[in-house]
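Okay, structure first, notes after.
Proteins come first, then strands; the chains are lettered A, B, ... in the order of their sequence lines, and each starts at number 1.
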Number of protein chains: 2
Amino acid sequence: MPVSIKDIAKEAGVSPSTVSRALRDHPRINRDTKANIQNLATAMGYVPSAVARDLVARQTATIGIVISRLSDPFYDRLMLGLEDGAVSAGYRVLLSSFNRDAKREAEIVHDFSERRVDGIIVAGAETIEAYISPERKFISPIVLINRPSYPFSVSADRFEGARRVIKHMIELGHRRIAYVTWGSEHPDGMPRLSGYQATLNEYGIAMDDDLIVHGDGQITGGIKAVPRLLGLSSPPSAIFCFNDMTAIGVINALRQKGCEVPRDVSVAGFDDLEMAAYYHPSLTTVRQPTYRIGRHAVNMLLRLVREEGDVVPKILEPEFVARESTAPIAI
Amino acid sequence: MPVSIKDIAKEAGVSPSTVSRALRDHPRINRDTKANIQNLATAMGYVPSAVARDLVARQTATIGIVISRLSDPFYDRLMLGLEDGAVSAGYRVLLSSFNRDAKREAEIVHDFSERRVDGIIVAGAETIEAYISPERKFISPIVLINRPSYPFSVSADRFEGARRVIKHMIELGHRRIAYVTWGSEHPDGMPRLSGYQATLNEYGIAMDDDLIVHGDGQITGGIKAVPRLLGLSSPPSAIFCFNDMTAIGVINALRQKGCEVPRDVSVAGFDDLEMAAYYHPSLTTVRQPTYRIGRHAVNMLLRLVREEGDVVPKILEPEFVARESTAPIAI
DNA sequence: TTGTACGCGTTATCAA
DNA sequence: TTGATAACGCGTACAA
C-alpha cells in the first residue's frame, strides 16, 4: 500500500489536514512545518492519490480521447493539437483506440464515463447514432471529430477536398474518373463520395457506377480495386482514392499491370501522409488541418464542460496539394 | 452531478447497500428488488463511478501504457499485443504519448502513478536512468520495451537485426557500408550501431567513422545524410538506415543526385512499415516481433503486479526481410 | 497556525 | 433478504 497523507501525519506528529495543507501549498501554514512535511513526503515516496482527490473534488481535470486507429497519421497530428490544447488549459489527457470496432468504441466511451473524465472527444466514430440518441444521456459532454451532422463537432470539409481533386483532374482533361471508396455507408466515406459526384455533375460529366469501387482504406484495398477498373470496357484515365494508403496500393497494382503513373493513369489520394511527398511518384493529395481541428475540438469541449453558452459545429477548409501523381491526360 | 447509488436507493425505497448488491449481481438478494433496481438504474442513466469503486477496492484493474510517438508503426502493432493481453486478463488500458520529450514522459508516468494504475509499460523511454534510480521508488511496477539493460523489460534483438542486414550486404559484395544512425547516445540507436560495427569487424572490414552519419529517424534525416556520404572521397556502395523512414529519405536524396537504388547504391531500413513492401523499390528491412513483444510485456507486468516470483529480461528475435532495395555490388 | 469532523460514491462486514 | 456502519484517501469548513 502506498504511503498516504495519514502516514506522513503520524511521522511528522501533526494532523492529516496539516499535511494536506502543507502539500497543497496552503497560505496559512507555518514555514517550518511546511518544509518539514514536504521533505518527509519526498523521503517517504509519497504520491498523492488522484482517485481520492477526484472523488472529493467531483472532477478529474481530464479529458478522454477516443480514436479509431493509432497508426492513422491523421490521428497523430490531431493528437498534437488535442494535447497542446488540453495541457495549456490545465487538463490531462487519456487516450484509447478502438480499431474501427464499434463495440470497442462504445466500451471505451463507457469506461471513460465511469472514470468521470470531464469530457470526451471521439475521432473516427463508426456511427453517430449512439451519440445523438435522446434516451442515452452521457455523464460528460462529447465532441466528435469529422462528424459534421453531430451538433458538437469539428470537421474538415472533405466534400470540398474531394471537389478540388476532381476539379483538378477535369482541368487536366480527364473525363473517365474513378473513385476507390471505403465503406459507402461509413461516415468517413460519404463526404468524399458526395464531393466526387457533385463535381462531375457540376461539369456535366455522366456518372458511371462502374467507376466507383470499394477499397478498405489500406494498401490492399487499393490493390484489389485496380483489376476491376482496368477490366472495364472503358477504363478510367484518373483514379481518386479514399486516402494515400489506398493510392499507394493502386499505384503498385497499376505498375504491376504495366501502367505507369501518371503517364498512363493519374492517381490522387487524401491525407498527405508525411511520405506522400517522397513516394515515387509523389502523391497529389488533400491535407486536412488536423492540428487546428484538435485545438478547436478541445476549445469546444471545454466550453461545453464549463457550460459557456452556445456551441455550433465547426468546419475547417482542407488544403489541396498537387504533385507528380496526376498529369494531363494522354491523347 | 451524475446519478449515484443513493439516488437510486431513494427512488426505489431501499438502502444504498441493497442497490449496490443488486447492481453487482450479489447472490443473496430478492429477484424482484434486483430487477426493479436494475431497471431503475438504467432508466435514471446510472453510470457507476470508477473513482469511488477504485478507492475502496484499492486497485484499478488498469495498466498504463506510455509510448513515445503515436505515429510510429512500431507502437501501433505493439498496442495490439498489449491490449489483447491486458483485456484477456481482465485489465483495462490507459494510453498516453510523450513525443520523445523526456519531461513529458516523466509527467505521464507520474500521472499514472497518481491514478493508481496497477502497472505501467513504457515503450521508447528516452533514458532508463529514472527507472533504475534506487532512491526513486514507484507505486506500481514498470516494464520497459526495448530497453534490455533494465531488469523488467521485453525487447527485440536489434543488435542481431542489424547484424543480419550487414551480413546480407557483405554477402552481396559490399565493403563500403554506411550507417545513418539516430542519436548515438539514444538507447534506440545503440544496439543497431553495435551490430553494425561488430559485423564489419567479424568480416575483417575496416571501420571508417566517416561512414557513420547522423539522421533523426525521419525522412528529412535521411535526406540530409546523403550529401555527406556522396561527398566522401570513397563513397559507400550500401547504406544501412536506422529505420524505414530514414531509408525513404535516403533513397529520395540519392535519386535526386542521379543515383538509382539498388543499381548504384543498396539501401536497407528497419521496422518493415506496412508500406515498405510497396515502396519503389520495395525495402529490404528488419521486422521486430511487435505483437509478441506486447503480449510478453503484459504477462511480465502482471507477474510483477501479482508478485509471482522471478522475472528476467526477455529478448525476442527479429526477422530479416530481403527485398528490392539491396542488390549485388556493381563492378 | 493547527486540529476536528464531515463528505465524496462505493463496497464489505456485521447485525437485524 | 435487507439495513446500518465503517472505511478507502483526501480536501475543507469550522472550531480551537
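Counting to the nearest Å, the P atom of C:dG9 and the CZ atom of B:Arg21 are 20 Å from each other. Distance A:Arg58 CZ to C:dT10 P: 11 Å, rounded to the nearest Å. Whole-Å rounding puts the B:Arg116 CZ to C:dT10 P distance at 20 Å. Spacing between atom CD1 of B:Ile8 and atom C1' of C:dG9 amounts to 11 Å, rounded to whole angstrom units. If you take CD1 of B:Ile5 and C1' of D:dG3, they are 14 Å apart, rounded to a whole angstrom. Separating the CG atom of A:Asp54 from the C1' atom of C:dG7 is a distance of 16 Å, rounded to the nearest angstrom. The interatomic distance linking B:Gln59 (CD) with D:dA7 (P) rounds to 21 Å, in whole Å. Atom pair A:Arg115:CZ and C:dG9:P shows a separation of 18 Å (rounding to whole Å applied).
A perpendicular orientation is assigned to the rings of B:Tyr150 and B:Tyr131, their planes being inclined by more than 60° (bins at 30° and 60°).
Listed nucleotides: C:dG9, D:dG9, D:dG11. Nearest to the side chain of A:Ser4: D:dG9. The side chain of B:Ser15 lies closest to D:dG3 when the candidates are C:dT1, D:dG3, D:dC10. Which of C:dG9, D:dG9, D:dG11 sits closest to the side chain of A:Ala52 comes down to D:dG9. Side chain of A:Arg53, nearest nucleotide from C:dG3, D:dC10, D:dT2: D:dC10. Between D:dG9, C:dT2, D:dT12, one nucleotide has an atom nearer to the side chain of B:Leu55 than all others, and that is D:dG9.
A salt bridge between A:Arg53 and B:Glu114 is present, with a side-chain N of the basic residue lying under 4.0 Å from a carboxylate O of the acidic one. Ion pairing between A:Asp25 and A:Lys34 holds under the 4.0 Å rule for side-chain N and carboxylate O. In this structure, A:Asp188 pairs ionically with A:Arg158, as a charged nitrogen and a carboxylate oxygen lie closer than 4.0 Å. Ion pairing between a basic and an acidic side chain is recognised when a charged N comes within 4.0 Å of a carboxylate O; B:Arg92 and A:Asp111 show such pairing.
OP1 or OP2 of C:dT10 has not a single side-chain nitrogen or oxygen of B:Ser17 nearer than 4.0 Å. Close to C:dC8, at under 4.0 Å from its OP1 or OP2, lies a side-chain N or O of B:Lys6. One finds a side-chain N or O of B:Thr33 lying less than 4.0 angstrom from the OP1 or OP2 phosphate oxygen of D:dT2. Here A:Thr18 reaches the OP1 or OP2 of C:dG3: one of its side-chain N or O atoms lies under 4.0 Å away.
Side chains of B:Pro148 and B:Ile315 form a contact here, defined as non-hydrogen atoms less than 4.5 Å apart.
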Indicate every side-chain donor-acceptor pair of residues 78-90 of chain A with a distance under 3.5 Å to a residue at least two apart or in another chain.
{"unit_1": "A:Glu83", "atom_1": "OE1", "unit_2": "B:Arg104", "atom_2": "NH2", "d": "2.9"}
{"unit_1": "A:Asp84", "atom_1": "OD2", "unit_2": "A:Tyr291", "atom_2": "OH", "d": "2.6"}
{"unit_1": "A:Ser88", "atom_1": "OG", "unit_2": "A:Asp84", "atom_2": "O", "d": "3.0"}
{"unit_1": "A:Ser88", "atom_1": "OG", "unit_2": "A:Gly85", "atom_2": "O", "d": "3.2"}

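Contacts of A:Pro48 with the nucleic acid, taken as non-hydrogen atoms under 4.0 Å apart, involve only primed sugar atoms and P, OP1 or OP2. Using a 4.0 Å heavy-atom cutoff across all strands shown, B:Arg28 reaches at least one base atom of the nucleic acid. Residue contacts for B:Ser49: at a heavy-atom cut-off of 4.0 Å it reaches the sugar-phosphate backbone alone, with no base atom in range. As judged by a 4.0 angstrom heavy-atom cut-off over every strand, A:Val51 is placed among residues making no nucleic acid contact.
No side-chain N or O of B:Ser20 forms a donor-acceptor pair with one of B:Ser17 less than 3.5 Å apart.
Comparing the start and finish of the helix from C:dT1-D:dA16 to C:dA16-D:dT1, five pairs each, the helix axis swings through 50°, to the nearest 10 degrees.
Residue B:Lys34 is the one, among B:Lys34 and B:Val56, whose nearest nucleotide of DNA chain D lies closer to the 5' end (criterion: closest heavy atom).
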